[in-house]
Amino acid sequence: MTDYLPEGRRIDTYENLEQLSSLKSLNDAMRDGKILEARATVCDQSHNLIVDLGFMKGIIRREEGAIGIREGKVRDIAVISRVNRPVCFVVKGFTKDSKGNNIAVLSREEAQLRCQKNYISKLKTGDIIDAKITHLENFGAFADIGCGIVALIPIDSISVSRIEHPRERFSVGMNIKAIVKSIDGGRISLSHKELLGTWEENASKFTPGETVAGIVRSVESYGAFVELCPNLAGLAESKEGVKVGEQASVFIKSIIPERMKIKLIIIDTFKYEYNPKEPEYMYQGNHIDTFLYSPENCDKTVISTF
C-alpha cells in the first residue's frame, strides 16, 4: 500500500520524483496513473497550490486541492496549510504559463479519491496502519492516514494514562501507528493506546526499590496518581504541595499484578515541560481483534474489542 501512505512518508515515490528529469518522465507517470509527491511552495491568491517538481513547476488548482473543496464541504485551509509541506498528486496534463514555460497540471483530489477507493474503503476495524499527526485539539489528535486524508484519535484513545492535551504525547508531523477503531459512513476513528503494551508489559520495566521519574496525573484525598509511562500509572502516598502536571521522582514500594497496582512514594516534584517522543510500540502486527490490558489473574478485567 506504499502509494497510499500519509503525505511526507511516501519514500519510494518521492525518490522517483526526484529522479524525474524530463517532460517524458512526467508523461510516463501520467500514463501509469502513478501517485507522486513533492513540496508545495506557494498558495496563490486564487488558492491554487504551486508545486516544485525540480525541473519545472506544477499547479494544483483550488478545486483539485482536496476532496470536498469544490463542493464547499471542506474549508480552503486544507489547501493553504499545505504550503512548504509535501503533497500527493497525480499528473493530469500540461499547460503553459504566460511566459511559455511548461507547467504540469496536478490533482491532489484525484490522488485522495484513489486512496479512498483502493485503500481506505478496504480497511477493517482492528487494522493497524501508518499515520502522521497533522494537528492537535483539546479533544484529540488528527492524523493523515493516506494521501492527506485525515482521521481522529480521541484523547481517551491515545494512552491508558490520562492526559490533559494530546500535545503531551504527540507533535505535529510525528509518524505513528494507529488502530482502526470504528468506521461510520466513511468517517474513521482511530485508537493508539492498545499498541503501547499491556499492564504487565509496562510494569516489567520497573522493580520495587527503584526511584524513577513520573508525571503527576491526578491528586486525590487519598494520594496522587503518577504516570510511569504512557500505559502505566501508580498510586503515591499523599504529599503536601503536589500538583497535577508536575514531574516527580518516585520510589517504587511494591508492584501487585493481581490487583493491577503499583505503590509509590513521591520523593520530589518539579515543573514538567512537554517533550513528546516517538511512541514505543509493544505490538508489531498488522491487525488486532482484542486487547487485554489487565493481567489474566487480576480481579479487574480491562479489554478492548475491535
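Atom set for the values below is all heavy atoms of this structure, side chains included, hydrogens, waters and symmetry mates excluded. It should be emphasised that the depicted structure is a prediction, and the values quoted were computed from it without experimental measurement.
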Does the [X] side chain pair with the main chain of [Y], one donor and one acceptor, at a distance under 3.5 Å?
| X | Y | answer |
| --- | --- | --- |
| Gln247 | Gly214 | no |
| Tyr283 | His287 | yes |
| Arg114 | Asn118 | no |
| Asn175 | Lys132 | no |
| Thr207 | Glu210 | no |
| Ser121 | Gln116 | yes |

_If the condition is ring pair (Phe, Tyr, Trp, His ring centres under 6.0 Å), which residues does Tyr281 pass it with, not counting sequence neighbours?_
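Applying ring pair (Phe, Tyr, Trp, His ring centres under 6.0 Å) to Tyr281 gives His192.
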
*How does the hydrophobic cluster around Phe139 look, that is, which other residues are in it when side-chain heavy atoms under 4.5 Å mark a link?*
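Besides Phe139, the cluster holds Phe142, Val150, Leu152.
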
*What residues join Ile265 in its hydrophobic cluster, counting side-chain heavy atom gaps under 4.5 Å, either direct or through other members?*
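Its cluster mates, by chain and number, are Phe251, Ile267.
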
Taking everything shown except [X] itself, do over 12 heavy atoms lie less than 6.0 Å from its [atom1]?
| X | atom1 | answer |
| --- | --- | --- |
| Glu201 | CD | yes |
| Lys205 | NZ | yes |
| Asn286 | CG | no |

Could you work out, with side-chain contact (heavy atoms from CB on, under 4.5 Å) as the rule, every residue matching [X], not counting sequence neighbours?
| X | answer |
| --- | --- |
| Met260 | Trp199, Tyr293, Ser294, Pro295, Cys298, Lys300, Val302 |
| Val79 | Cys43, Leu49, Ile69 |
| Ile103 | Ile59, Thr95, Asp97 |
| Glu220 | Ser218, Tyr222, Phe225 |

*Would Asn231 and Lys193 count as having a side-chain donor-acceptor pair, cut-off 3.5 Å?*
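No.
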
*Classify the side-chain pair Glu194/Ser191 by whether it contains a donor and acceptor separated by less than 3.5 Å.*
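Yes.
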
_side chain to side chain donor-acceptor pair (under 3.5 Å), that's the test. Do Ser46 and Arg62 meet it? Break it down for me._
CA-CA 7 Å; Ser46 299; Arg62 173 188 171 275; over 6 Å; no

Atom pairs and distances, side-chain donor-acceptor, residues 177-186, under 3.5 Å, sequence neighbours left out:
| from | atom 1 | to | atom 2 | distance (Å) |
| --- | --- | --- | --- | --- |
| Lys177 | NZ | Asp130 | OD1 | 3.0 |
| Lys181 | NZ | Ser157 | OG | 2.8 |

Can you sort out the partners of [X] under side-chain hydrogen bond (donor to acceptor under 3.5 Å, both in side chains), two or more places apart, ordered by chain and number?
| X | result |
| --- | --- |
| Asn48 | Asp44 |
| Glu109 | Arg70 |
| Arg31 | Asp28 |

*With a 4.0 Å cut-off, would you call Glu64 and Lys92 a salt bridge?*
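Yes.
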
*Closest approach of Ala66 to Arg108 (non-hydrogen atoms, all atoms of both residues)*: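 For Ala66 and Arg108, the tightest heavy-atom pair comes out as CB-NH1, 3.7 Å.
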
*asked:* Minimum heavy-atom separation for Ile256 and Lys263, please, with both atom names.
replied: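 So the two residues come closest at CD1-CE, 4.0 Å.
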
*So among Glu280, Glu278, Glu227, which one has a salt bridge (charged side-chain N to carboxylate O under 4.0 Å, His left out) with Arg169?*
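Answer to the salt bridge (charged side-chain N to carboxylate O under 4.0 Å, His left out) test with Arg169 among Glu280, Glu278, Glu227: Glu227.
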
*Going through the checks in order, is the side-chain contact (heavy atoms from CB on, under 4.5 Å) test met by Glu296 and Leu292?*
CA-CA 8 Å; Glu296 290 186 5; Leu292 180 65; 4.0 Å; yes

*May I have all residue pairs that pass salt bridge (Lys or Arg N to Asp or Glu O under 4.0 Å) and include part of residues 246-262, sequence neighbours excluded?*
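Qualifying pairs: Glu237-Lys253.
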
